[in-house]
2 protein chains.
Amino acid sequence: MTNIHDIAKLSGYSAATVSRVINQRGYVSDKAREKIKSIIDQMDYVPNDVARDLSRVKTYNIGVVLPYTEHAYFNQMLDGIMSAAFKHGYRVLILLSNYEQDKELEFLEQLRRRAFDALIFTSHGLPLTKISKYLRYGQIVCCQDPGEVQIPAAYTQRYETYVEAFKWVKERGYSRIGLMQNRDYHVSATSEKTIAAYSAVFSKMPDPQMIVNEVMTYQDGYQAGKYYHQLKQQPDFVFCNSDDIATGFRQFYLDQKLSAPDFMGQEHQLPSQLLNFSTIDHQILKVGHAAMELAISGESKIVRIPSRFINRA
Amino acid sequence: MTNIHDIAKLSGYSAATVSRVINQRGYVSDKAREKIKSIIDQMDYVPNDVARDLSRVKTYNIGVVLPYTEHAYFNQMLDGIMSAAFKHGYRVLILLSNYEQDKELEFLEQLRRRAFDALIFTSHGLPLTKISKYLRYGQIVCCQDPGEVQIPAAYTQRYETYVEAFKWVKERGYSRIGLMQNRDYHVSATSEKTIAAYSAVFSKMPDPQMIVNEVMTYQDGYQAGKYYHQLKQQPDFVFCNSDDIATGFRQFYLDQKLSAPDFMGQEHQLPSQLLNFSTIDHQILKVGHAAMELAISGESKIVRIPSRFINRA
DNA sequence: TTGTATGCGTTATCAT
DNA sequence: ATGATAACGCATACAA
């Protein structure tokens, strides 16, 4: 591997001058520049990025923690993240967690070891208090309401929209509402908001029997349909976790030649458009973008982005 | 930042011994190990990954070039890639190209500058001959049939399955076949295979009027539907680019209260299951996995993976 | 305008 | 078993 010293030697100048030529900074005579450039071309030389990173104490890499990629939510997030990253010349490292705390910890340790300049948690299994302890080692951004915890965040303001959606459900006369959730509301801020909005609108907590957790895919939606169907008191409306999941739910009933309860989706995906049901656009693209901006700038502020109920009554 | 020399000084041992303790190699007395470990804990020390990378001449990062992320094809690819990467303790850097040759060149340059250990092109705008020139700077894997070009590759064997699909179409009596393609067959190996299979089955080249290029999203599928509809001689069957795209195509006709020509999809996505139309499973997950294995191992072989026609007549 | 010297933090070789 | 020292390759403050 030919390095900057080789170029220095061959050109008759010092490594410092070669460095100046490469980075176009400081004073360099035309003569020196010419000579050095010709040697660089001749030797087919390029600087080594790792050495550069070490010297600059900066990698231009940002780690992005995702539970999984199959989910539309995380795809949109990634799109927003990537567009902001590209804008500033940063690269994105994908870090799959599957919500495993061990893995999340490992990623935090990688941040500590300076493997990347900052870390974005699009979602997390670890408690935020634990995550925030690593803020001293580098910038960290999370994508949910951090509540009391002091940590930079970009997230969708879901509560108001959930209230709007549940009011719409209530006005249409539904009373036994099924709820599908990604994770239990004890560990998920999103689920917690859902429950809170439900309670505010219906003036009571949802029936635990009506809640299905760990719903993440089309298949899970299908299974949830099965579950709801075998209940003595079936729901008359189901609040699904995503549009994809909603179609899984619907499919179960179709396969049984039954008519499904009414339902709505989330994430504003293709299926709600295709099958014309209501949904919520959580504007995840914007959230991703904002998160990356925070990661790069190092600011420790909070960015809230409103979501949008899409009424397809 | 506390470094290995600080630990050496404080523990009374040398940096070399500290390094041995950290990496658990070579001989270290229990006494030294104890002492050094306690100092490490005390100082909250962790090694710097960048310095380590520089010294080892290895980053454990692999760059993955994707034209865009909205596409199911690339999502599946990424899943396969990630699972293989994780298995071997490698990280994945996402590099969006949008098929722009400038960007692809920039990624090749980054490989040359050792920003990552290897580069995977899930698809490419640059000619393979050009890409292959960079093989001297590091491992590169592409995900299409490289033909004559000497370059490691993992790809789906599409031709046979396309033939099977077109035979099925022909047997059902269709004769005016619409074809949607991602990119023109002059630049896309996939499109070229499609055309070749068509020609083999129907004993003639497809009518250029029946081909729509640059079809990548649901919206594009919709527009293609519009295009086909205004033709004097409309197709009686349309061979779509993906299941998502097929639904866009279908939706145009639904919106116009017209009945759509028969059609099939590709990529084995949710819509073909939902709406029960035929499709092709290109086994992209496996391709991604194989590509990453090649990237890591540095082998320069070619891995072919058969695709699968899913008949939903 | 250019060069010297030093730092960035780790690994690895080779004595001892 | 341990240490000194040389890579790894580049950037930069400061001197000249």
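All of these numbers come straight from a predicted model, not from anything done at the bench. Lettering follows sequence order; numbering is per chain, from 1.
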What is the nucleic acid contact for B:R113, judged by heavy atoms within less than 4.0 Å: base, sugar-phosphate only, or nothing? nothing
Within a 6.0 Å radius of atom NZ on A:K35, are there more than 12 heavy atoms belonging to other residues, nucleotides or ligands? no
Just to be sure I understand the rule, does A:A15 reach a base, reach only the sugar-phosphate, or reach nothing, if contact means heavy atoms closer than 4.0 Å? nothing
Nucleotide D:dA1, atom C1' - distance to CD of B:E34 in whole Å: 16 Å
To the nearest Å, how far apart are B:N23 CG and D:dT2 C1'? 16 Å
Run the side chain to side chain contact (heavy atoms under 4.5 Å, CB included) check on A:K87 and A:H289 step by step: do they pass? CA-CA 10 Å; A:K87 206 170 78 181; A:H289 197 92; 3.6 Å; yes
Please check if any side-chain donor atom of A:D117 sits under 3.5 Å from a side-chain acceptor atom of A:T59, or the reverse. yes
Does B:T17 have a side-chain nitrogen or oxygen under 4.0 Å from the phosphate oxygens OP1 or OP2 of D:dG3? yes
Using whole Å, report how far CG of B:D49 lies from P of C:dT10. 9 Å
Regarding the side chain of A:N48, the nearest nucleotide among C:dT11, D:dC10, C:dT10 is D:dC10
Pick base, sugar-phosphate or nothing for B:V46, based on heavy-atom distances below 4.0 Å to the nucleic acid. sugar-phosphate
Check A:R112 with A:E109, please: is the shortest side-chain N to carboxylate O separation under 4.0 Å? yes
Short side-chain N/O contact from A:Y13 to OP1 or OP2 of C:dT4, under 4.0 Å: no
Are OP1 or OP2 of D:dA1 and a side-chain N or O of B:S29 less than 4.0 angstrom apart? no
Of all the nucleotides listed (C:dT11, D:dG9, C:dG3), which has the minimum atom distance to the side chain of B:R52? C:dT11
Would you indicate which nucleotide in C:dA12, D:dT12, C:dT10 comes nearest to any side-chain atom of B:A51? C:dT10
Could one point to a donor on the side chain of A:S55 or the base of C:dG7 with an acceptor on the other under 3.5 Å away? yes
Given atom CG of B:L54 and atom P of C:dG7, what is their separation to the nearest angstrom? 17 Å
Rounded interatomic separation in angstrom, taking CZ from B:R112 and C1' from D:dG9: 16 Å
Using a cut-off of strictly less than 4.0 Å, decide whether A:S19 has a side-chain nitrogen or oxygen near OP1 or OP2 of D:dA11. yes
Options C:dT10, D:dC10, D:dA4, nucleotide nearest the side-chain atoms of B:S14: D:dA4
B:D53 has an atom CG; how far is it from atom C1' of D:dC10, in whole Å? 15 Å
Quick check on A:Q150: does its CD atom have over 12 non-hydrogen neighbours (other residues, nucleotides or ligands) under 6.0 Å away? no
Side chain A:R20 and base C:dG3 donor-acceptor under 3.5 Å: yes
Does OP1 or OP2 of C:dC8 have a side-chain N or O of A:R114 closer than 4.0 Å? no
Result for 5'-nearest mapping on DNA chain D, choosing between A:P47 and B:D30, is B:D30
Of all the nucleotides listed (D:dG9, C:dT2, D:dA11), which has the minimum atom distance to the side chain of A:V28? C:dT2
Tell me whether the OP1 or OP2 atom of C:dT16 has a side-chain N or O from B:Y27 closer than 4.0 Å. no
Salt-bridge contact A:E192-A:R158 (side-chain N to carboxylate O under 4.0 Å): no
Separation of C:dT6 atom C1' from B:H5 atom NE2, nearest Å, is 13 Å
Checking all strands, does B:A8 fall into the base, sugar-phosphate, or nothing category for heavy-atom contacts under 4.0 angstrom? nothing
For A:Y137, is the OH atom crowded, meaning more than 12 foreign heavy atoms sit under 6.0 Å from it? yes
Considering only side-chain heavy atoms of B:R56, which listed nucleotide, D:dA4, D:dG9, C:dT11, is closest? C:dT11
Interatomic distance, A:K35 NZ vs C:dT2 C1' [rounded to whole Å]: 17 Å
